[in-house]
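Chain A is the first sequence line, chain B the second, and so forth, proteins listed ahead of strands; every chain is numbered from 1. All values reported here derive from a predicted model rather than from experimental measurement.
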Number of protein chains: 2
Amino acid sequence: MEVRKVSEAVIRRLPKYYRHLLILQKTGVERISSGKLAQQMRLNASQVRQDFNCFGGFGQQGYGYNVSTLLSEIKNILSLNQPYRAVVVGAGNIGTALANFEGFERDSIAIEALFDIDPALIGSSINGKPVLHTDELETYIKKNGISIGIIAARRSAAQNIADRMQAAGVRGIWNFAPMDLTEVEVPVENLHMTDSLLCLCYKMNQNNLYEE
Amino acid sequence: MEVRKVSEAVIRRLPKYYRHLLILQKTGVERISSGKLAQQMRLNASQVRQDFNCFGGFGQQGYGYNVSTLLSEIKNILSLNQPYRAVVVGAGNIGTALANFEGFERDSIAIEALFDIDPALIGSSINGKPVLHTDELETYIKKNGISIGIIAARRSAAQNIADRMQAAGVRGIWNFAPMDLTEVEVPVENLHMTDSLLCLCYKMNQNNLYEE
DNA sequence: TAGATTGTTAATCGATTAACAATC
DNA sequence: TAGATTGTTAATCGATTAACAATC
């Protein structure tokens with residue numbers, strides 16, 4: 001299975017396929033054609049086939065795709081067959097919400113600890129996860145084989161945290177701080193909540209009909 | 001200022017311009033060229049000019065763009081010159097984080113109440129915002145002129161909530177539930193946190209160099 | 001005026017969609 | 001075998017980038 005440059009657009013669709021296939025499997029659907037899948041997900045059948053063929057052909061002419069096979073292939077493409085250990089820096093609203101959220105566990109992504117500089121928080125725990133002083137970040141990452149660093153701190157601290165996470169050896173950074181990190185070699189996924197909300201404000205005031 | 005179909009890609013860049021210009025203004029920068037702005041934001045100068053020209057020309061040949069003017073134009077494009085009242089359905093992790101988050105207020109977006117069906121939560125308040133029973137959703141939206149509905153409930157409830165929000169008159173929906181809403185006429189912005197995390201997992205396992 | 005930089009048209013690049021031969 | 005549907009190539013569409021005349 002030879003993987004070439006996969007476009008960002010394709011990558012962003014992968015979790016959607018994954019989600020949808022999980023539902024299909026749970027519903028007991030055994031096979032699905034690109035046409036049906038496209039219809040359900042509001043995509044184009046050609047696009048679905050093109051997407052899958054970025055990673056090799058998982059289908060069978062005249063039959064379609066076996067849901068379980070496809071699901072496990074996509075799970076594999078997303079590298080969800082290995083566990084991930086994560087830490088969150090910033091035990092504020094977002095950090096707390098993430099620590100309380102159980103949904104990542106299905107994908108074997110476990111938040112193991114939080115870090116903050118607020119003395120009132122240090123030593124406490126959130127959903128059973130310890131809140132430690134940010135000074136201990138590097139040591140903890142190294143000692144516990146943490147591969148994902150989550151930045152849920154204020155903007156002004158984000159770059160420094162990213163640098164330190166990277167130096168300590170994380171393999172990826174999930175950034176909630178509303179800024180673009182620079183000089184980071186590991187992959188960064190930004191999740192800027194406010195940006196999304198502002199896009200909504202924009203769209204709310206366009207008189208375009210939102211009905212493709 | 002004649003506005004034609006603005007592409008999704010352009011729309012998604014608008015909040016980033018807004019954010020960056022806010023910083024420039026705060027730093028006391030008075031004017032900026034498309035070239036400089038592009039460099040700072042890691043975009044292309046032509047792209048920057050094209051983007052702005054979707055909405056009319058805000059610049060001046062030989063000078064560039066006045067930061068304050070440009071900022072206020074973009075603020076205007078994003079329709080941030082009006083206040084928005086919002087409610088959140090689902091007073092779980094995400095709902096609580098949103099209610100506690102003060103960052104939206106700068107943009108005059110105020111979360112006024114939360115809704116849930118858990119009797120243990122109803123009657124309480126989060127960051128001064130009441131948690132009400134979801135049965136009261138429609139009444140509240142109508143009575144208080146709520147324009148944004150935020151869905152932070154579980155997947156299985158999301159479509160129903162969306163339908164009810166829309167019927168009650170919200171002008172836009174911000175959806176955190178991991179599913180695609182259907183039959184909604186008002187604009188919907190999806191924010192699927194898990195999708196973003198899964199994209200990170202994908203990228204963490206590609207041996208591409210992430211260094212454009 | 002000369003230099004800088006926009007607004008805008010044209011060229012390029014990439015992603016989506018269509019078409020169809022291969023084949024289960 | 002006939003029908004269905006993939007994998008894949010070709011066509012189309014749209015977004016990004018380049019180029020440059022207009023003009024401050």
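- Between B:Gln47 and D:dT16 there is a side-chain polar atom (N or O) within less than 4.0 angstrom of OP1 or OP2.
- The nearest heavy atom of DNA chain C to A:Asp51 and to A:Gln61 marks one nucleotide each, and the one closer to the 5' end goes with A:Asp51.
- For the residue pair B:Asn127 and B:Glu102, a side-chain donor N or O sits within less than 3.5 Å of a side-chain acceptor on the partner.
- Following rounding to the nearest Å, B:Glu8 (CD) and C:dT16 (P) show an atom-to-atom distance of 13 Å.
- Nucleic acid contact class of A:Ser46 (heavy atoms, under 4.0 Å, all strands): base.
- If you take CZ of B:Arg12 and P of D:dA15, they are 14 Å apart, rounded to a whole angstrom.
- Here C:dT6 presents its C1' atom at 14 Å from CD1 of B:Ile32, a figure rounded to the nearest Å.
- Atoms CZ (B:Phe55) and C1' (C:dT6) sit 18 Å apart, rounded to a whole Å.
- Applying the 4.0 Å criterion to OP1 and OP2 of D:dT6, one finds that A:Asn53 has every side-chain N and O outside that range.
- At distances below 3.5 Å, at least one donor-acceptor pair connects side-chain atoms of A:Asn175 with backbone N or O atoms of A:Met179.
- Protein atom NZ of A:Lys36 is 11 Å distant from nucleotide atom P of D:dT6, rounded to whole Å.
- Exactly one residue among A:Arg12, A:Arg13, A:Arg19 makes a salt bridge (charged side-chain N to carboxylate O under 4.0 Å, His left out) with B:Asp195. That residue is A:Arg19.
- Annotation: cation-pi pair A:Arg31/A:Tyr65 absent, no NZ/CZ under 6.0 Å from the ring centroid and within 45° of its normal.
- A:Phe52 comes within contact range of no nucleotide atom at all, as no heavy-atom separation falls under 4.0 Å.
- At the phosphate of D:dC24, neither OP1 nor OP2 sits under 4.0 Å from any side-chain N or O atom of B:Tyr65.
- B:Asn66 has its CG atom 16 Å from the P atom of D:dC24, to the nearest Å.
- Rounded to whole angstrom, the span from the CG atom of B:Asn44 across to the P atom of D:dT16 amounts to 10 Å.
- Distances shown here put every side-chain N or O of A:Arg49 at or beyond 4.0 Å from the OP1 or OP2 atom of D:dT9.
- Checked by atom type, the side-chain pair B:Asn205/A:Gln82 shows a donor-acceptor distance below 3.5 Å.
- To the nearest angstrom, P of C:dA18 lies 13 Å from CG of A:Leu43.
- In this structure D:dC24 sits in a base pair with C:dG3, meeting the Watson-Crick or G-U test at under 3.5 Å.
- Remark on DNA chain C: of its neighbouring residues B:Arg31 and B:Gln50, the 5'-side contact belongs to B:Arg31, judged by nearest-heavy-atom nucleotide.
- Of the side-chain N and O atoms in B:Ser34, none sit less than 4.0 angstrom from OP1 or OP2 of C:dT5.
- The pairing partner recorded for D:dT12 is C:dA15, the criterion being a Watson-Crick or G-U wobble arrangement whose two distances lie under 3.5 angstrom.
- Using a 4.0 Å heavy-atom distance criterion, B:Ser33 is classed as a sugar-phosphate-only contact.
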